[in-house]
Structure formats: structure tokens, C-alpha cells
Protein chains: 2
Amino acid sequence: MLKEKYSQYSFILDRTARRVKQYAQNSFLQGAFDLTIDQWSILKILYEEDAMTQKEIAEKSGKDQPTLTRIVDILIKKRLAQRVEHPEDRRCLHLKLTKEGKAKVEELSPAVKEIRMKAWENLSEDDFENFTRILNTIYNNLNQQS
Amino acid sequence: MLKEKYSQYSFILDRTARRVKQYAQNSFLQGAFDLTIDQWSILKILYEEDAMTQKEIAEKSGKDQPTLTRIVDILIKKRLAQRVEHPEDRRCLHLKLTKEGKAKVEELSPAVKEIRMKAWENLSEDDFENFTRILNTIYNNLNQQS
DNA sequence: TATCAATTATTAGTGTGACAACTAATTTCG
DNA sequence: CGAAATTAGTTGTCACACTAATAATTGATA
């Protein structure tokens, strides 16, 4: 295999991921959403399934627990979410959206979808399928266990 | 278009980019390379073309100038690179590798290529072509100017 | 030539990511 | 039962990304 050639995907992958994030963040700023991309991603997860523990959210979002703790702190400071005691396990905390949090998700969802779609101009349905398949294959190839 | 479906690529892209970086970083740690991935990427660029300004390196690496300043500070602290005055423009600084810096790149290059290849198990040459094409299309779709 | 605009690099501030170490609570098992 | 291991969450540290603001220098132009 031509290692020189293959080993350069990482640069393109990294810069594209950064640009996707940056583009969305700029759009958020212009729309005065008062949220970062990562804060939004956690809000979205909570909207789809309320009352999860932070551990569960961390797994679902692919973030580690310290990172999640900090994002949740910010969401709470913004009064978009709240921590609630777990009824059976005092180590855990259930997170729930506040009314404001739910309203925020409902208000912004359509705009966020539009922002996300921009990336797919000039690309086909096949491209989308291949792209997600390849990304997931790479993700699994580099799994911690292996 | 099914916006709901298409708008979820960003999560997969982000988490895969993070895992690629993390996998390489862990391999660097185990090999006691004493470098981060991003420090390595700058060293590599300097090895290929010595005596560039920070502005040029920033463009080539896809990093912004503040980020580059910090990474270069670290490389200099590690005695792998040095700043040299630009002969014609006193605003600029030429960066050059030290002997140690060049030796480091030569020493680690083969190992880094091996690490990078791991991601491509179970994937074909076509996948590689499609992957880079799609990434670059997305990157251009989200160009600042547009 | 004197001023103003553009360019290069830096600094400060905020947010995030990874890792290690820690607390508190719970579970396991001798 | 009680000590040890495990688990959930937090805090601290370092590195990086991005923005805005600044200093120093250069170039353009009136």
C-alpha cells in the first residue's frame, strides 16, 4: 500500500470537522442563538429523551464525563436544564430540560437543520451513505479495545 | 430531502475525527514520542519546506495564527525549532527546524505512517478516493466566503 | 512625505477535549 | 457484617480552536 498517500487523510478529516463546527458556530452567533454547538448537541439529546444520567448522556454524545459536567454546568447557568436527584441511586443525577430548554430546542431545530444541510450541496445520496459507512468503519477500526 | 437524516452527519464526523486524533495521540504516548499530534503536524510541514513564515505554516496546516503561535512556542521550548529574523520584512519570522527537530522527524516518520494506516483496515482504494473527495467538497461548501 | 490602511505576530478570554486524581455512594464478596 | 472494588460525578491541568484586540511594521496614496 502507498502509505504516504493513505496516511494523509487525517489532515483533511481534521480540518473538515473543524470547519463544519466553525460554520455552525458562526451561524449560531449570527442568529444570536446564545449557544455553542456542543451545548446544542446536549440539549438535543435531552429533548429526545428526558431524565438521563450524565453517564448516559456522555455515552450518547461521545463526550467524556468531565467535558459533560462542564457543558451541563453552563446549561444550568443558562436555565435550560436542571439536575434532579435520582430516586434510587444517590450517586446519579437525572438531567431534565426546563421549560425554557424545551422551548429553545423547538425554536431552533429548523434553523439548525438548514445550517447542517449546507454541507451536502453538490453531493449525492450515495455519497452520504458511503461517507457515514466509512466514518463508522474508521471509528470502529480505532476502537479503544483493539 | 430528508433533512433529519442528513443533518446528523456532523455528530459522526466529529466523533470520528476525535477518535483518530486520540488514537494517534495514545500511540505517541506509548512510544514516548514526547509530542502531540498537532506539534507533529507542524514539525512535518517544516521538515518538508524549511524557513517558512508562521503565516505560511498556518495556511498550510489549516490552523489559525494564534494556535500556531502557541504550538511554535512549545516546539521552541523543546528545542526542535527556532525563530529566525526575516531578511526583508521585520514583521515576519522565519521558522527553521533545529538539528534535533530534523532528527526527530526522521526518527518518527515510519512509526507515524503505521499508526495512520490502522484506520484503513476493511476499506478499499475506492473508499479512500470517495472519502477524500467528499470531505473536500464539504470543506469547500462551507468556505467562509460563501 | 505624512498619513492611513493592510499585514504579521502576539495576547487575552472563552469553550472544549483528554487525562489523572479525587469524593461520595453503592455493590461485591470474603 | 465489613473491607475492598466499582461507579457517578467533579475538579485540576494541559493542549487546542476560535474571536477580538493590540503592537509593530510595511505599503499605498493623497
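Here is the naming used below: chain letters follow the sequence lines, and residue numbers restart at 1 for every chain. Side-chain atoms are counted along with the backbone in the values below, which use heavy atoms only and exclude waters and symmetry mates. Predicted model, so just to flag it, every value in this text is computed and none were measured.
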Answer with yes or no after comparing the ring centroid distance for Tyr47(A) and Trp40(A) against a 6.0 Å cut-off, counting only values under it.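 When the ring centroids of Tyr47(A) and Trp40(A) are compared, they turn out to be at least 6.0 Å apart.
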
Considering only heavy atoms, which members of residues 59-66 of chain A lie under 4.0 Å from some atom of DNA chain D?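 Result for residues 59-66 of chain A: Gln65(A), Pro66(A), sorted by number.
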
Select one nucleotide: of [options], the one nearest the side-chain heavy atoms of [X].
X	options	result
Lys21(A)	dT7(D), dC16(D), dT16(C)	dT16(C)
Arg91(A)	dT10(C), dA17(D), dA24(C)	dA24(C)
Arg18(A)	dT10(C), dA8(D), dA17(D)	dA17(D)

Shorter than 3.5 Å, N or O on both sides, protein versus nucleotides 13-15 of chain D: list them out with atom names.
residue	atom	partner	partner atom	Å
dT13(D)	O4	Arg70(A)	NH2	3.4

Tell me what Leu68(A) touches on the nucleic acid: a base, only sugar-phosphate, or nothing, going by heavy atoms under 4.0 Å.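 Contact class for Leu68(A): none.
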
Touch check for Arg15(B), heavy atoms < 4.0 angstrom, all strands: base, sugar-phosphate only, or nothing?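 Nothing, no heavy atom under 4.0 Å.
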
Test of understanding: with side chain to side chain donor-acceptor pair (under 3.5 Å), list the residues that count as partners of Lys63(B), not counting sequence neighbours.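 Counting only residues at least two positions away or on another chain, Lys63(B) forms a side chain to side chain donor-acceptor pair (under 3.5 Å) with Asp38(B).
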
For Gln54(B) and Arg83(B), does a side-chain donor sit closer than 3.5 Å to a side-chain acceptor?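 Their side chains do contain a donor-acceptor pair, which is all the 3.5 Å distance test asks for.
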
Are Phe11(B) and Leu142(A) connected in a single hydrophobic cluster, I mean Ile/Leu/Val/Met/Phe/Trp/Tyr linked by side-chain heavy atoms less than 4.5 Å apart?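 Linked within one cluster.
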
Does a side-chain N or O of Thr67(B) approach OP1 or OP2 of dA17(D) to a distance below 4.0 Å, or not?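 Looking at the OP1 and OP2 atoms of dA17(D), one of them is under 4.0 Å from a side-chain N or O of Thr67(B).
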
Looking at Gln22(B), I'd like to know whether one of its side-chain N or O atoms comes within less than 4.0 Å of OP1 or OP2 on dC19(C).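 So the side chain of Gln22(B) is within the cut-off, an N or O lying under 4.0 Å from OP1 or OP2 of dC19(C).
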
For Arg79(A), look at atom CZ and say whether over 12 heavy atoms of other residues, nucleotides or ligands are found less than 6.0 Å away.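 Not more than 12 within 6.0 Å, no.
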
For atom [atom1] of [X] and atom [atom2] of [N], their distance in whole Å:
X	N	atom1	atom2	result
Ile42(A)	dG9(D)	CD1	P	13 Å
Asn26(A)	dA20(D)	CG	P	9 Å
Asp73(A)	dT10(D)	CG	P	6 Å

Are the side chain of Asn140(A) and the backbone N or O of Asn136(A) linked by a donor-acceptor pair below 3.5 Å?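 Checking the backbone N and O of Asn136(A) against the side chain of Asn140(A), a donor-acceptor pair under 3.5 Å is found.
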
Under a 4.0 Å threshold between the charged nitrogen and the carboxylate oxygen, would Asp14(A) count as salt-bridged to Arg18(A)?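 Yes.
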
